[in-house]
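Worksheet: the structure to be examined is printed underneath.
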Amino acid sequence: MDMTEKLAKERRARLAAERLLEQKSRELFAANEKLAMHARLLSDEIVVQRSVVREAQSEAEALKGQNARFVTALEQAHTVAVMAERRLWDSIDTIRDGFAVFDSGLQMVAANRAYLAAFPGLSVAPGVTYGSVLHAAAADGLVRLEGEAASDWVARMLSRLDAEVIEPVVVQMANGNYLRLMDRRARDGDLVTLAIDITEQMRIWAAIEAIPDGFVLFDREDRLLTCNQQYRDIHPESAGILRPGVTFEDILRNGLAHGKYAEAVGREAEWMSERMALHRAPSSIHEQKISNGRWLRVLEQSTPDGGRVGLRVDITDWKEQQAALEAARAQAEAANRAKSAFLANMSHEIRTPMNGVVGMAELLCDTALTEEQRLFAETIRSSGEALLVIINDILDYSKIEAERLTLHPEPFDLERTIHEVAMLLQPRARAKGIDLIIDYDMFLPTRFVGDPGRIRQVLTNLMGNAVKFTDQGHVLVRVVGPEGAEGAQNLHVTVEDTGIGISAANLEHIFGEFNQVDDQQNRKFEGTGLGLAITRRLIEKMDGSVWVDSELGKGACFGFRVCLPVSEAAPAARLPITLRRALVVDDQFINRTILERQLTPHGIAVTLCRSGAEALALLAADARFDVVLTDHDMPEMDGLTLARHIRAVGHAMPVVMLSSNPVVARASGEAGLTAILQKPLLRSELYRHLQELSVQVLPPAAPPPPSGRRKMRVLAAEDNRTNQLVFAKMVKDMDIDLRFASNGLEAVEQFQSWKPDLIFMDISMPEMDGREAARAIRLMEEGRSRVPIVALTAHAMEGDSGAILAAGLDKYLTKPLRKSAILEVMVEYCPDEARPLGEAA
Ligand code: ADP
C-alpha cells in the first residue's frame with residue numbers, strides 16, 4: 001500500500017470518524033435533549049415532592065406540638081385532681097366534727113382525723129366496720145352507757161341504721177363532751193356519718209333546764225323547736241303533744257280543750273284570738289291564771305330569725321303578796337276615808353262654834369267700842385277667819401289625798417267669777433294701797449262650762465297670794481287664749497303682781513305640800529303652804545297646767561291654762577250704747593288701755609288722759625264728750641276733785657268715777673258725779689251703765705218707794721242658838737220679817753202656815769235635816785210658785801254641794817256667814833210685792 005492509499009484510507013477513516021462523531025454528537029445531543037427534558041420533569045417532580053414533604057413535615061410538627069400540649073394538660077388535670085382530693089381531705093381533717101364514710105357493707109372507707117382521734121390507741125381505721133367501731137367505743141369506756149349493757153347499746157345504735165330516715169342520736173363521751181351522731185345514706189348505698197360536738201349547746205341547754213321558769217322556743221312558722229322540763233310541768237295535759245314541730249296554736253287548743261285557762265272559760269274563741277295576737281306581738285307580757293289555781297307571767301319575744309321565745313314565770317306567791325298588799329291598801333284607804341270623814345265632821349263641829357266666834361266678833365266691831373276693845377274684837381275676828389282658812393285648806397287637801405274630789409261642771413261666767421274674787425280681795429288690796437286690775441280679753445266669751453267653785457278656789461289662791469305678797473304697785477289678772485277645737489276655748493289666766501317675787505331656786509318648791517319660801521322676808525306672812533299644791537292638783541284635774549315666772553324682788557306671775565267648753569251666752573236683751581265720745585282719765589297706763597279696749601268696739605271714740613289737769617285742759621279746748629270716765633285715786637288731783645272742777649266750769653256731761661272704795665267716795669260728799677262704780681269693774685257692769693247713760697243722759701231722781709207694800713218674810717231654819725243670834729244680828733238693819741225654825745220639821749210647818757218669801761236652811765239639824773225639809777217643801781208646793789231655799793252648810797265633804805242642789809235647794813252659802821252674802825241673797829230673792837230691803841230708817 002501506498003502512501004496515498006494510506007492517506008485516503010486515513011482520510012476515509014477520518015471522515016467516517018467525523019461522521020460517527022457527528023452521529024454520536026447528534027445522538028448525544030438528542031439524548032442530552034431527552035435528558036434535559038427528563039431532568040426538567042424530574043426537577044419539577046422533586047419540587048412537588050419537596051413541598052409535599054415540607055407540608056407533611058409541618059403537619060407532623062403541628063401534631064407533635066398538639067400532642068405535647070395534650071400531655072401537659074392531662075398531667076395538669078391529674079395534679080389538680082390529686083390536689084383537690086388532698087385539699088378536701090385536709091379540710092375534712094381540719095373540722096372539729098368527726099366525719100367517716102362507710103360502704104354499703106358498713107365497712108369504713110375513710111374517716112377524718114377528728115373521727116379517728118376519738119378512738120385513741122384503738123385499731124379504728126379504714127377497713128373496720130361500723131359495728132366494730134361501736135364495740136371498741138363501748139368496750140373501752142369511751143362513751144357513758146348510763147347503766148345500759150354494752151351489747152344492748154351497740155345493738156340499739158346499729159338498729160337505728162335500719163330506719164328509713166335515720167334519727168340523730170346524742171351520746172355523752174367519758175370526758176363529759178356530747179356528740180350528736182348524724183347518719184345519712186348516700187345514693188350508692190354508702191353511709192356518711194357525722195359526729196358533731198354539741199357540748200356548748202348542751203351546756204346552754206342544761207342552764208335552760210336549770211332555770212326555775214318554763215322556757216319555750218318556736219321557729220318562724222310557729223312550730224315548737226324546744227322547751228324545758230318546767231314548761232312541760234306547767235302544761236302536763238299537753239305532755240303528749242309537746243314535741244318539736246307542734247304549733248303554738250295546737251298547744252293552746254289542747255290546753256283549751258283541757259280547761260287549762262281559767263280566764264278563757266265561756267269565751268274560748270275570743271280568748272284564743274286575743275292570745276294569738278299577744279303571741280304575735282313583737283314583745284308582750286301578761287298574766288294568766290291556770291286551772292290549778294296558779295298564776296303565770298307570760299313573756300313572749302320575737303327572735304332575730306322571726307321565731308318566738310317565751311318564758312313562763314310562776315308568780316303565784318307574788319300574786320298572793322300582792323293580794324295581801326291590796327287588802328292592806330284597801331284597809332288603809334278605808335281608814336283614810338274614815339279619817340277624811342272624821343276631818344269633815346270635825347271641821348263641821350269646829351266651824352259651828354267658829355261661826356259664833358267670827359260672826360259675833362264682826363257684830364261686836366260694829367258697836368261702840370274703846371280703841372282697846374276694838375283691837376281685841378278685830379283680833380278675834382281675823383284670827384278666827386285665819387283659822388277657818390287653814391281648816392279649809394287642810395280639809396281640801398285631805399279630800400284630794402283621799403281622791404274624793406270630783407269636779408262639778410256647770411255653766412258659769414268666768415269674768416264674773418274673777419270679778420267676785422277681786423271684790424272679796426279688794427278691802428285687803430285697798431288697805432295696802434295696791435291696784436287690783438282685771439284685763440279680760442274683749443273678744444273672749446265669758447260663759448264656760450266648768451266647776452265654778454274650784455276655779456274660784458284657784459283664783460282666790462293665786463290672787464290672794466298676789467295681794468298677800470305685794471306691798472305696792474298692782475295685781476293684774478289677765479285672761480287671754482286662742483280658740484280651741486269645736487266649741488271649746490283655751491284660757492290662759494295669769495295673775496301678775498309687783499311684790500316680793502320668788503327666787504329661781506324656790507319656783508318649783510312652792511308647789512309642794514306645806515312648802516313655803518323660807519327666808520327672812522317671807523316669814524312674816526302666814527299661810528299653810530297648801531294653797532299652791534291644791535291649785536296645781538285642781539288644775540291638773542281639769543287637764544290644765546299651772547306655771548310661775550318670777551324674779552326675786554321683781555314680782556311674780558302665776559298662770560294656769562285650761563280648756564273649757566264655751567257655754568251658750570244667756571241671750572240678754574241688750575240696749576244699744578249710743579255714746580260716741582268718751583274721755584278716760586287714769587294715771588295708770590294699764591287701766592287706761594283696758595278701758596279703751598272695752599269702749600272702742602262699741603263705736604266710742606276714746607280720748608285718754610293721765611291726770612285731772614290734762615283732762616280739764618282738754619275739756620276747755622273741746623267739751624263735746626258724751627261721758628267722762630275717771631279713776632278715783634290719782635296723785636295730785638283725785639277723781640272727786642276733777643268732777644267738782646268739771647261741774648264748776650259748767651260742763652253737764654255725765655261723769656262716772658271708778659273707785660276701789662266707793663263707800664269712802666260716796667261719803668266725801670256731792671261732787672256732781674253721775675255714778676260711782678266699784679273697781680275692778682266688770683265689763684258687763686260698765687256696759688250696763690253706759691247703756692243707761694245712752695237712754696238718759698242724766699239720771700232721773702229715784703222714784704219714791706211705793707207705800708203699802710209688806711215686809712219681806714224670811715225664815716231661817718237653824719238649830720244652833722248662837723248661830724240664830726248671829727244671823728239675827730246680821731240682818732237686824734234690814735226691813736224684813738224674820739222668823740226662826742230650830743229643825744227641819746218646824747221649817748216645813750212654818751212654810752205651810754206663814755208662807756215665807758225666802759228660806760235659809762241649815763243642812764245638819766236634828767229631827768229632820770235641811771235636805772229632807774227642802775224635799776218635803778218642794779213636794780208640797782207642787783204646781784204652786786216656788787219658794788227660794790238657800791242652804792247654809794259647813795265646808796262640807798265633796799258631793800254634798802251636788803246633793804244639796806239635787807234636794808231642791810236653789811243656792812248655798814258656806815259658814816261662817818257674812819253679812820254681805822246674806823244681803824246679796826235677800827236682794828236677789830226679794831219679791832216685787834215686798835218693800836225694798838234698803839236699810840231700815
Ligand atoms: P301659803 O300662801 O299658804 O303659804 P301657797 O301654797 O299658796 O301657801 O304658797 C306657797 C309659798 O309660795 C308662799 O308661802 C310663798 O312663799 C310663795 N308664793 C306664793 N305666791 C307668791 C307670790 N305671788 N309672790 C311671792 N311668793 C309667793
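Source: prediction; values computed, not measured. In what follows, residues are counted from 1 in the order of the sequence shown. In each ligand, atom 1 is the first atom listed, and ligand 1 is the first ligand listed.
Counting atoms of ligand 1 from 1 in the listed order, those under 4.0 Å from a heavy atom of N461 are 7 (O). For ligand 1, the atoms lying closer than 4.0 Å to a non-hydrogen atom of I502 are 25 (C), 26 (N), 27 (C). Ligand-side atoms of ligand 1 in range of G531: 5 (P), 6 (O), 7 (O), 8 (O), range being under 4.0 angstrom from any heavy atom. In summary, the atoms of ligand 1 found under 4.0 Å from a heavy atom of G501, numbered by their order in the structure, are 25 (C).
Judged by the shortest distance from any of its heavy atoms, F511 lies outside the 4.0 Å radius around the atoms of ligand 1. Put simply, no part of G499 is less than 4.0 Å from ligand 1, judged by heavy atoms.
Annotation for T367 and R374: closest pair O-NH2, 3.2 Å, computed over non-hydrogen atoms.
Between the side chains of Q588 and D435, a donor-acceptor pair is found at a separation under 3.5 Å.
With respect to the salt-bridge test (charged N to carboxylate O, under 4.0 angstrom), the residues E385 and R381 qualify. Between E415 and R683 a salt bridge is recorded (basic side-chain N to carboxylate O distance below 4.0 Å). Salt-bridge annotation for K819 and D366: present, with a side-chain N of the basic residue lying under 4.0 Å from a carboxylate O of the acidic one.
Scanning I510, L552, L462, N465 for the heavy atom closest to atom 17 (C) of ligand 1 points to I510.
Residue L532 places at least one N or O, backbone or side chain, under 3.5 Å from an N or O of ligand 1.
Exactly one residue among T494, D439, D441 makes a side chain to side chain donor-acceptor pair (under 3.5 Å) with R478. That residue is D439.
When non-hydrogen atoms are compared, ligand 1 lies under 4.0 Å from the side chain of D497 (C-beta onward) but not from its backbone.
For NZ of K729, the number of neighbouring non-hydrogen atoms (other residues, nucleotides, ligands) closer than 6.0 Å is 12 at most.
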